[in-house]
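Counting begins at 1 with the first residue of the sequence.
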Amino acid sequence: MHDFIMAEDSELWDVICDGPFIPMNTISEPAVTVPKTRKEYNDVGRKDIEKNFRVKKILVCGIGPDEYNRISVCQSAKEIWEALLIAHEGKTQVKQSKIDMLTTEYEIIKMKDDEYIQDMHTRFTSIINKLHSL
């Protein structure tokens, strides 16, 4: 998914990493920044805001109904991405636990008595791919 977003527009990946752009006004005495109203947006601000909506659309179109339920409450592309990362990779401890389990499977893999070589190869490749993704 990362490569697809980068191919679409490298600035879209920035929206995922940094969060959505919010146009701000600075009010003096004392100097305070507040979000601009929609009427105050200029063309550049509108374009930057639209990037969050484009990334959200890309992410939502690339997931299934179960995933959608997981991210439906997210407001920004960054929140969606983080929710998907946690769901698929888990937190660091969960991720390490998965790696340990897959490493053990890799180390003890043996061909079953009633198994064809292609089936064993498929199991082996699956373990390697899962390890690689983690």
| message | A side-chain contact here means heavy atoms from C-beta on lying under 4.5 Å apart; do K51 and D48 qualify? | response | yes

| query | Between NZ of K130 and CE of M101, what distance do you get to the nearest 0.5 Å? | reply | 7.0 Å

| field | All pairs passing ring pair (Phe, Tyr, Trp, His ring centres under 6.0 Å) where residues 34-71 contributes a residue, at least two apart | value | none

| Is there a path of hydrophobic side-chain contacts, each under 4.5 Å between heavy atoms of I, L, V, M, F, W or Y residues, that connects I117 with I127? | yes

| Any salt bridge (charged side-chain N to carboxylate O under 4.0 Å, His left out) pairs touching residues 77-87, not counting sequence neighbours? | none

| task | Say whether F21 and V15 are linked into one hydrophobic cluster, either directly or through other cluster members, by side-chain heavy-atom distances under 4.5 angstrom. | result | no

| said: With rounding to the nearest 0.5 angstrom, report the OG to CG distance, S126 to L102. | reply: 8.0 Å

| In Å, rounded to the nearest 0.5 Å, how long is the span from CD of E50 to NZ of K57? | 11.5 Å

| note | To the nearest 0.5 Å, atom CG of N52 lies from atom CD1 of I16 at 9.5 Å

| Would the number of heavy atoms belonging to other residues, nucleotides or ligands and lying under 6.0 Å from NZ of K36 be above 12? | yes

| query | So does R70 pair up with E67, basic N to acidic O under 4.0 Å? | reply | yes

| note | In this structure, CH2 of W81 is separated from SG of C17 (nearest 0.5 Å) by 9.0 Å

| field | All salt bridge (Lys or Arg N to Asp or Glu O under 4.0 Å) counterparts of R123, not counting sequence neighbours | value | E115

| query | Does T125 use its side chain to pair, donor to acceptor, with the backbone of T122 at less than 3.5 Å? | reply | no

| Above 12 or not: heavy atoms from other molecules or residues under 6.0 Å from CD of Q75? | no

| request: Quick one: which residue pairs count as a ring pair (Phe, Tyr, Trp, His ring centres under 6.0 Å) with a foot in residues 114-134, not counting sequence neighbours? | output: Y106-F124

| Is atom CG of N42 surrounded by more than 12 heavy atoms (other residues, nucleotides or ligands) closer than 6.0 Å? | yes

| field | Nearest-0.5 Å distance, CZ of residue R46 to CZ of residue R38 | value | 7.0 Å

| request: Would you please name every residue forming a side chain to side chain contact (heavy atoms under 4.5 Å, CB included) with T103, sequence neighbours left out? | output: I99, E107, L131

| task | Indicate the atoms forming the closest heavy-atom contact of I58 with L12, along with that distance. | result | CD1-CD1, 4.0 Å

| field | Counterpart residues, side-chain hydrogen bond (donor to acceptor under 3.5 Å, both in side chains), relative to S72 (two or more places apart) | value | none

| query | Are the side chains of K56 and L59 in touch, meaning some heavy atoms are under 4.5 Å apart? | reply | no

| message | Same cluster or not: I49 versus M24, using hydrophobic residues (I, L, V, M, F, W, Y) connected whenever any side-chain heavy atoms lie under 4.5 Å apart? | response | no

